[in-house]
There are 2 protein chains.
Amino acid sequence: MASRAGVSVATASKALNDTGRMTEDTRQRVKAAATELGFRPNAMARGLIQKRSFTIGLLTNDTYGRFTLPVMAGISEALVDQGVSVFLCGIEDDPALGRVHLDAMLDKQVDGIIASGKRIDRRLPVDLSNLPVPVVYAFTEGHEGSVTLVSDDFQGSAEAVEHLIALGCKRIVHVTGPETFASVKERTKAYRAGIGGDGVVLYGAWSEHWGHEAVAQLWQQGETPDAIFCGNDQIARGVVDALRERGVKVPADVSVVGFDNWEIVAGQTRPPLTSVDMNLKALGREAGRLVLELAEGKPVEPGVRKLPCQLVIRESCGGNAAVTESRGGVVAAVD
Amino acid sequence: MASRAGVSVATASKALNDTGRMTEDTRQRVKAAATELGFRPNAMARGLIQKRSFTIGLLTNDTYGRFTLPVMAGISEALVDQGVSVFLCGIEDDPALGRVHLDAMLDKQVDGIIASGKRIDRRLPVDLSNLPVPVVYAFTEGHEGSVTLVSDDFQGSAEAVEHLIALGCKRIVHVTGPETFASVKERTKAYRAGIGGDGVVLYGAWSEHWGHEAVAQLWQQGETPDAIFCGNDQIARGVVDALRERGVKVPADVSVVGFDNWEIVAGQTRPPLTSVDMNLKALGREAGRLVLELAEGKPVEPGVRKLPCQLVIRESCGGNAAVTESRGGVVAAVD
DNA sequence: GTGAAAGCGCTAACAA
DNA sequence: TTGTTAGCGCTTTCAC
């Protein structure tokens with residue numbers, strides 16, 4: 001391609017990369033020739049010299065993609081302008097598969113790796129410490145001294161509870177997932193801090209079924225609450241459905257808040273669920289940004305960073321409908 | 001690393017790649033030295049010569065990932081043993097973004113591209129004809145003369161209807177999505193062929209809400225069916241919920257079949273939904289296999305290939321529970 | 001301001 | 001059987 005503009009390859013390279021010095025005229029001539037010929041530099045050749053592949057790997061065991069996909073979208077969004085592409089590697093919980101994918105990425109000289117998972121207190125089944133490239137953990141537990149990004153479960157839950165209290169709810173209960181999850185502990189802590197007491201906490205599975213069951217238990221004991229803060233949207237959906245079947249009105253009689261803001265669940269519940277969004281896309285963007293900084297040798301403070309959650313208001317809590325709509329709209333636009 | 005084994009780099013290369021000829025002893029010595037040093041060849045350098053990057057790109061506008069993720073899992077599964085990694089590029093419906101991602105992948109010398117989407121009768125917002133690398137379309141419309149993989153909507157729907165008929169259902173209606181979708185037309189055709197008549201077909205949105213609404217319409221008109229074949233699982237879930245609220249038993253009074261076998265919906269419905277699985281993972285495997293064959297210069301017959309769907313039996317149609325369980329189990333194990 | 005030459009880490013053809 | 005040489009497509013000194 002160089003000859004087309006009547007210059008050497010060296011000059012062409014400099015012209016296209018806006019480096020070196022030459023007359024502006026030459027530079028433009030080369031660029032013109034390049035576009036005309038549809039010339040695009042070979043990233044492998046370039047990478048071989050620069051020791052940069054403009055490639056990063058996303059390793060995840062969240063095959064179902066509920067958490068990883070938004071994270072991936074954020075990463076991609078943050079990196080695509082820099083010309084960085086992302087390898088997605090689903091490794092289930094298989095150490096051997098993890099090794100294979102990791103090796104494949106390392107061979108390809110990825111500039112960095114982002115590890116992601118489905119819960120923040122479990123590690124991927126593959127050791128990512130002491131790799132020749134930087135690693136950032138997003139929504140999964142990292143190794144000693146690593147850079148880790150998680151959502152702020154406490155803050156998100158606190159907002160949910162505050163919202164219910166502001167709406168005038170007096171007897172708020174918390175129906176959540178298995179007690180072994182760190183996020184469950186954190187959300188429960190925020191719930192208790194919010195209501196200023198022990199409250200009522202029901203632990204169970206992360207399922208609609210458990211939401212139903214929990215409502216049955218509550219109503220059987222006669223301890224009917226006026227608000228139920230749920231550990232995730234599936235539980236919340238089960239709760240809302242169970243309440244409707246009992247003739248209890250949501251939100252008139254009981255307000256319900258979910259967690260995750262999983263559109264397919266929160267949006268399809270009747271009424272649509274007010275829910276805590278973990279802003280995973282933003283978390284992904286941050287992960288992308290950080291891994292790139294590390295790849296470029298910039299210093300990044302290690303440690304766990306908690307990124308804020310955001311309460312997305314729909315119709316399951318009542319309150320001012322106008323505010324409801326506009327806030328929901330804004331939130332949607334933000335992300 | 002070569003010197004460690006006391007041989008030239010050329011010999012080392014041949015030893016590790018099992019090419020060239022040398023004493024078995026030398027080969028083993030080199031391999032031993034390689035493992036000992038943890039040596040791994042630089043894929044960029046290798047790719048530069050071989051003009052193969054062992055990398056392929058997956059371009060999709062299915063941000064939500066409902067269709068793309070299983071396809072991606074299949075692709076990855078088919079290619080990881082060959083050392084091929086996959087770039088995932090979500091391009092929404094933005095042509096500019098599509099272009100950016102495409103160029104980035106082309107620069108990186110991907111060996112091929114798989115295009116995927118959320119419906120089979122729409123194209124991605126980016127032109128993939130006349131690329132310097134092979135393209136395979138999976139679950140999205142391809143260009144003239146391309147290799148395209150879709151699921152066999154007709155066959156899948158036919159199986160669903162046959163199943164209902166075998167169960168003794170006489171008045172089967174079809175509640176489905178917007179008439180403009182090719183898959184809706186195809187599924188409707190199979191429904192009509194199956195019942196041997198025009199039947200009752202209700203078109204609407206792909207939502208739970210429409211499922212509810214459709215049941216209201218049917219029961220209002222007094223044309224109560226004994227089976228409802230739904231265009232997707234969300235509609236089916238709406239249908240099942242609406243029936244329960246009317247006191248109509250599923251499957252005792254009415255059998256319901258969904259489509260997509262989207263675990264999160266089909267599995268959580270009460271009772272769990274019998275549904276048509278499009279085998280997207282298998283479709284992804286096939287796409288991966290084909291794009292690799294094309295990349296290696298092997299001939300692949302162009303045209304649209306329809307891959308079979310599979311009926312996954314749960315509890316929404318009644319029938320033999322034992323068979324139900326075992327078939328459901330087998331199906332789950334297969335994929 | 002521009003170009004010639006070296007070299008990134010590997011593989012392939014050819015000598016030895 | 002092994003090693004030497006050339007070169008993949010680019011960037012980067014360093015002469016000119």
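Proteins come first, then strands; the chains are lettered A, B, ... in the order of their sequence lines, and each starts at number 1. Keep in mind the model is a prediction, meaning the values are calculated, not measured.
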Less than 3.5 Å between a donor and an acceptor, one on the side chain of A/Lys51 and one on the base of C/dG9, is that the case here?
no
Nearest whole angstrom, please: distance from the P of D/dG9 to the CG of A/Leu48.
12 Å
Could you tell me whether A/Ser13 contacts a base, only the sugar-phosphate backbone, or nothing, with contacts defined as non-hydrogen atoms closer than 4.0 Å?
base
Using only heavy-atom distances, decide whether a donor-acceptor pair under 3.5 angstrom links the side-chain of A/Lys14 to the base of C/dG3.
yes
Ring centroid separation for A/Phe87 and A/His101, is it under 6.0 angstrom?
no
At under 4.0 Å between heavy atoms, what does B/Thr23 touch on the DNA or RNA strands: base, sugar-phosphate, or nothing?
sugar-phosphate
Spacing between A/Arg27 atom CZ and C/dT2 atom C1', to the nearest angstrom:
12 Å
note: B/Asp107, atom CG; D/dC10, atom P; distance rounded to Å ~ 10 Å
Pick base, sugar-phosphate or nothing for A/Thr19, based on heavy-atom distances below 4.0 Å to the nucleic acid.
nothing
Under 4.0 Å, heavy atoms only, any strand: does A/Arg46 hit a base, just the sugar-phosphate, or nothing?
sugar-phosphate
Could you give the CG-to-P distance, from A/Leu16 to D/dC10, as a whole number of Å?
10 Å
Taking atom CG of B/Asp18 as the centre, does the number of heavy atoms from other residues, nucleotides or ligands within less than 6.0 Å exceed 12?
yes
Closest to the 5' end of DNA chain C, once B/Thr11 and B/Met44 are matched to their nearest nucleotides, is B/Met44
Once you round it to whole Å, what is the distance between C1' of D/dT11 and CZ of A/Arg52?
15 Å
Is the shortest distance from a Lys or Arg side-chain nitrogen in A/Arg123 or A/Glu141 to a carboxylate oxygen in the other one below 4.0 Å?
yes
Under 4.0 Å from OP1 or OP2 of D/dC8: is there any side-chain N or O of A/Asn42 that close?
no
Rounded to whole Å, please give me the gap between CZ in B/Arg29 and C1' in D/dT2.
11 Å
When the distance from CD of B/Gln50 to C1' of C/dG9 is rounded to whole Å, what number comes out?
12 Å
Taking the six-membered ring of A/Tyr64 as reference, does the cationic atom of A/Arg66 (NZ for Lys, CZ for Arg) lie under 6.0 Å from its centre and within 45° of its axis?
no
Considering all heavy atoms of both residues, which atom of A/Arg46 and which atom of A/Pro41 are nearest to each other, and what is their separation?
NH2-CG, 3.9 Å
Which is more 5' along DNA chain D, the nucleotide nearest B/Glu24 or the one nearest B/Ile49? Just name the residue.
B/Glu24
Nearest heavy atom decides the nucleotide; on that basis, is B/Arg21 or B/Ala45 closer to the 5' end of DNA chain D?
B/Arg21
Can you identify which nucleotide, out of D/dT2, C/dG9, D/dC14, has its nearest atom closest to the B/Met22 side chain?
D/dT2
Nearest-nucleotide pick for B/Asn17, side chain only, options being C/dG3, C/dT11, D/dG9
C/dT11
Per B/Ala10 side chain, nearest of listed nucleotides C/dG9, D/dT4, C/dC8:
D/dT4
Using the side chain to side chain contact (heavy atoms under 4.5 Å, CB included) definition, which of the options B/Thr55, B/Val291, B/Val84 pairs with B/Val110?
B/Thr55
Choose from C/dG3, C/dC14, C/dT2 the nucleotide whose nearest atom is closest to any side-chain atom of A/Thr26.
C/dT2
